[in-house]
Amino acid sequence: MEEIFIVKMIKKSFLQYGRDLVETPLTKEEYTALIQRVINDRTEQTEWYEVVEDVVYSYVTNQE
């Protein structure tokens, strides 16, 4: 259940950067890596959306 929520947030975050994942989808490996990074980076003091935004920003700007 948690992963479905994260995927939806990732898709929404990519739209903010002008990347429509319907037209240019990520591979399964890319989704898995992003989801794992979000789960690993989240702490009790951070909100899901903050972590997703940071992870997607890093991915979009090639800072991984």
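Quick caveat, the model's predicted, so the values are computed rather than measured. FYI, side chains are in, hydrogens and waters are out, and symmetry mates aren't considered; it's all heavy atoms of this structure.
- Hydrophobic clustering places Tyr57 together with Ile6 (ILVMFWY residues linked when any side-chain heavy atoms are closer than 4.5 Å, directly or through intermediates).
- Between Ser58 and Arg37 there is a side-chain heavy-atom pair separated by less than 4.5 Å.
- The aromatic rings of Phe14 and Tyr59 sit perpendicular, their planes meeting at an angle over 60°, well past the 30° parallel limit.
- Taking the side chain as every heavy atom from C-beta outward, Thr43 and Thr46 approach each other to under 4.5 Å.
- Smallest separation of non-hydrogen atoms from Leu15 and Asp20: CD2-CA, 4.0 Å.
- Of all heavy-atom pairs spanning Ser13 and Glu53, the tightest one is OG-OE2, 3.3 Å.
- Note that NZ of Lys11 and CG of Leu26 are 9.5 Å apart. Values are rounded to the nearest 0.5 Å.
- At least one side-chain heavy atom of Ile39 sits under 4.5 Å from a side-chain heavy atom of Glu2.
- Among residue pairs with one or both ends in residues 22-47, none qualify as ring pair (Phe, Tyr, Trp, His ring centres under 6.0 Å); sequence neighbours excluded.
- Looking at every heavy atom in both residues, Glu3 comes nearest to Ile35 through CG-CG2, 3.9 Å.
- Between Ile10 and Glu30 there is no side-chain heavy-atom pair separated by less than 4.5 Å.
- Heavy atoms only, all atoms of each residue included: Trp48 and Met9 are closest at C-CE, 3.7 Å.
- The salt bridge (Lys or Arg N to Asp or Glu O under 4.0 Å) search around Asp54 returns none, not counting sequence neighbours.
- The side chain to side chain donor-acceptor pair (under 3.5 Å) search around Gln16 returns none, not counting sequence neighbours.
- In this structure, Glu50 contributes its side chain and Glu47 its backbone to a donor-acceptor pair below 3.5 Å.
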